[in-house]
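Working notes, beginning with the structure itself.
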Amino acid sequence: MRLLDLFCGAGGAAMGYHRAGFDEIVGVDIKPQKRYPFQFVQADALEFVKSFGAGFDAIHASPPCQAYSVLRVLNGRPAYWDSIPPTRLALVLSGRPWVIENVVGAPLENA
């Protein structure tokens with residue numbers, strides 16, 4: 001089964017999916033991930049899923065969480081990009097089963 005791992009980081013979630021039986025995993029992140037354990041594409045995750053998401057059996061996304069993190073106010077930058085709504089929309093439009101991983105306090109539904 002093919003998994004698309006968006007905002008993949010170093011690949012911790014992907015390794016769990018691999019152990020669960022996914023045999024082809026493609027990770028996408030805007031930043032280089034030299035130690036990603038599977039195929040890696042450096043690209044904008046939302047643009048990638050719009051173009052290629054329908055070709056995967058499932059999609060996992062770990063979008064940036066700063067907008068909902070309880071620590072966001074401690075560093076003097078209370079305003080961050082709200083990544084959940086555009087990520088959710090792109091996943092829904094892909095037509096594939098999907099999961100969004102994020103922090104406590106992130107919205108479960110579109111507001």
Side-chain angles (χ1 to χ4, degrees):
M1 290 184 30
R2 297 184 76 213
L3 176 78
L4 178 56
D5 182 16
L6 301 175
F7 308 95
C8 66
M15 188 56 71
Y17 282 101
H18 173 71
R19 290 178 178 164
F22 284 86
D23 54 3
E24 184 180 349
I25 299 172
V26 176
V28 179
D29 205 296
I30 197 97
K31 296 179 183 177
Q33 301 296 328
K34 296 178 183 177
R35 296 183 183 189
Y36 190 78
F38 306 102
Q39 181 181 345
F40 174 75
V41 177
Q42 186 174 350
D44 179 282
L46 296 182
E47 293 302 318
F48 192 91
V49 72
K50 289 173 187 175
S51 297
F52 303 106
F56 290 83
D57 295 305
I59 304 171
H60 173 93
S62 298
C65 63
Q66 293 91 338
Y68 299 103
S69 170
V70 295
L71 298 177
R72 73 184 174 277
V73 295
L74 295 180
N75 70 6
R77 283 191 63 201
Y80 288 95
W81 174 53
D82 186 354
S83 60
I84 302 289
T87 299
R88 183 181 290 112
L89 177 60
L91 294 173
V92 168
L93 292 175
S94 76
R96 308 309 304 151
W98 53 269
V99 172
I100 295 178
E101 171 190 10
N102 217 273
V103 296
V104 172
L108 298 175
E109 298 179 13
N110 283 335

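None of the values given here were measured: they were computed from a predicted structure.
Taking CG of D44 as the reference point, atom NZ of K50 lies at 8.0 Å (rounded to 0.5 Å). Atoms CD1 and CG, from I84 and L89 in turn, are 13.0 Å apart once rounded to the nearest 0.5 Å. The structure places CG of L93 at 11.0 Å from CG of L46, a figure rounded to the nearest 0.5 Å. Distance check, rounded to the nearest 0.5 Å: SG of C8 to CD of Q42 gives 10.0 Å. Note: W98 CH2 to L6 CG = 12.0 Å, rounded to the nearest 0.5 Å.
Each of I30 and F48 belongs to its own hydrophobic cluster when Ile, Leu, Val, Met, Phe, Trp and Tyr are linked at side-chain heavy-atom distances under 4.5 angstrom.
Of all heavy-atom pairs between I59 and G53, the closest is CD1-O, 3.9 Å. Of all heavy-atom pairs between R2 and G55, the closest is NH1-O, 2.6 Å. Of all heavy-atom pairs spanning A10 and Q33, the tightest one is N-OE1, 3.5 Å. In plain terms, the two heavy atoms of A61 and F7 that are nearest each other are CB-CD1, 4.3 Å. Closest approach of A43 and V28 over heavy atoms only: O-CG1, 3.6 Å. Across every non-hydrogen atom of D29 and G9, the tightest pair is OD2-N, 2.9 Å.
Connectivity analysis of hydrophobic side chains (ILVMFWY, heavy atoms under 4.5 Å, direct or indirect) links Y36 to M1, L3, M15, Y17, F22, I25, F38, F40, V99.
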Start with the C-alpha gap between L4 and F52, add the side-chain angles, then the distance that decides, and say whether side chain to side chain contact (heavy atoms under 4.5 Å, CB included) holds.
-> CA-CA 9 Å; L4 178 56; F52 303 106; 5.7 Å; no

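A donor-acceptor distance shorter than 3.5 angstrom exists from the side chain of R96 to the backbone of F56, with no hydrogens or angles considered.
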